[in-house]
Asks: 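I'd like to ask you about the structure that follows.
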Amino acid sequence: QLRLVESGGGLVQPGGSLSLSCAGLGYTLEHFAMGWFRQVPGKEREGVAVISTSGRTTYADSAKGRFTISRDNAKNTVSLQMNSLKPDDTAVYYCAADGTPDGSLAEYVYDWWGQGTQVTVSS
């Protein structure tokens, strides 16, 4: 039984930074490709970043150069470091686990989801 718990969300000013963490409970995450997604009211949930079981990363165009996804197998966590934040980064951020090695930015391939953490970028 795998449970994913996100943390680290909050309020940050434009241009600021925030780090999100996703902790895996009940099962090791090293066998899963992991993704970060976000959703705002009235819009589709979108993939932000993906990291494979071997550490290869993929980013949405909106995140390239600003966000970094990483994983720490010893801590059984996956993180999303967000820099140069913009107001349109405001969303609920979710982490997700995929049973395949490589993952995808497409949300439908993921089997396990956390409850989400709110990120608000505002002055």
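Computed from a prediction, not measured in an experiment: that's the story for all the values here.
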Asks: Are Asp98 and Phe32 packed together at the side-chain level, in the sense that at least one heavy-atom pair is separated by less than 4.5 angstrom?
Replies: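 No, side chains not in contact.
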
Asks: Could you list the donor-acceptor pairs under 3.5 angstrom formed by side chains in residues 113-123, with sequence neighbours left out?
Replies:
residue : atom : partner : partner atom : Å
Trp113  : NE1  : Tyr110  : O            : 3.4
Thr117  : OG1  : Gly9    : N            : 3.2
Gln118  : NE2  : Ala91   : O            : 3.4
Gln118  : NE2  : Thr120  : OG1          : 3.4

Asks: Please assess Thr68 against Leu80 for the test side-chain contact (heavy atoms from CB on, under 4.5 Å), listing each intermediate value before the final yes or no.
Replies: CA-CA 6 Å; Thr68 302; Leu80 184 69; over 6 Å; no

Asks: Determine the minimum heavy-atom distance between Tyr59 and Ile69, stating which atoms define it.
Replies: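 Here Tyr59 and Ile69 meet closest at OH-N, 2.9 Å.
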
Asks: Quick one: CG on Asn76 to CG on Leu25, what's the gap to the nearest 0.5 Å?
Replies: 8.0 Å

Asks: Rounded to the nearest 0.5 Å, how far does OH of Tyr94 lie from CH2 of Trp36?
Replies: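 Trp36 CH2 to Tyr94 OH: 11.5 Å, rounded to 0.5 Å.
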
Asks: CD1/Ile51 to CE/Met34 distance, rounded to the nearest 0.5 angstrom?
Replies: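 Ile51 atom CD1 to Met34 atom CE measures 9.5 Å (nearest 0.5 Å).
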
Asks: Looking at Leu2 and Ala97, what are the two nearest heavy atoms and their distance?
Replies: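 Taking Leu2 first and Ala97 second, the nearest heavy atoms are CD2-CB, 3.9 Å.
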
Asks: Starting at CG of Asp102, measure out to OG1 of Thr58 and round the result to the nearest 0.5 Å.
Replies: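 It comes to 8.5 Å.
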
Asks: Among the clusters formed by ILVMFWY side chains lying less than 4.5 Å apart, do Leu20 and Trp112 turn up in the same one?
Replies: yes

Asks: So does Lys86 get a backbone contact from the side chain of Asp89, meaning a donor-acceptor N/O pair under 3.5 Å?
Replies: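 It does hold such a pair.
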
Asks: Could you give the distance from CG (Leu29) to SG (Cys22), rounded to the nearest 0.5 Å?
Replies: 6.5 Å

Asks: Kindly compute the distance separating CG (Asn73) from NZ (Lys75), expressed to the nearest 0.5 Å.
Replies: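 Interatomic distance, Asn73 CG to Lys75 NZ, rounded to 0.5 Å: 12.0 Å.
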
Asks: Test your reading of the model: is there a side-chain donor-acceptor pair from Arg71 to the backbone of Ala33, 3.5 Å cut-off?
Replies: no

Asks: Any link between Val50 and Val92 through a network of hydrophobic side chains (Ile, Leu, Val, Met, Phe, Trp, Tyr) touching at under 4.5 Å?
Replies: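 Same cluster.
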
Asks: Identify the two heavy atoms, one from Ala96 and one from Phe37, that lie closest to each other, and give their separation to 0.1 Å.
Replies: CB-CE1, 4.1 Å

Asks: Which atoms form the tightest heavy-atom contact between Glu6 and Cys95, and what is the distance?
Replies: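 Closest heavy-atom pair between Glu6 and Cys95: OE2-N, 2.9 Å.
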
Asks: Any idea which heavy atoms bring Arg66 and Ser84 closest together, and the distance?
Replies: NH1-O, 3.0 Å

Asks: Is the shortest heavy-atom distance from the side chain of Ser17 to the side chain of Gln81 under 4.5 Å?
Replies: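 Yes. Closest side-chain heavy atoms under 4.5 Å.
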
Asks: Of Thr77, Asp72, Val78, which meets side-chain contact (heavy atoms from CB on, under 4.5 Å) against Ser21?
Replies: Thr77

Asks: So Tyr93 and Met82, do their side chains get closer than 4.5 Å, heavy atoms only?
Replies: yes

Asks: Output a table of donor-acceptor pairs, distance under 3.5 Å, between side-chain atoms of residues 40-49 and any protein atom two or more places apart or on a different chain; print 'none' if there are none.
Replies:
residue : atom : partner : partner atom : Å
Arg45   : NH2  : Glu107  : OE1          : 3.4
Glu46   : OE2  : Arg38   : NE           : 2.7
Glu46   : OE2  : Arg38   : NH2          : 3.3

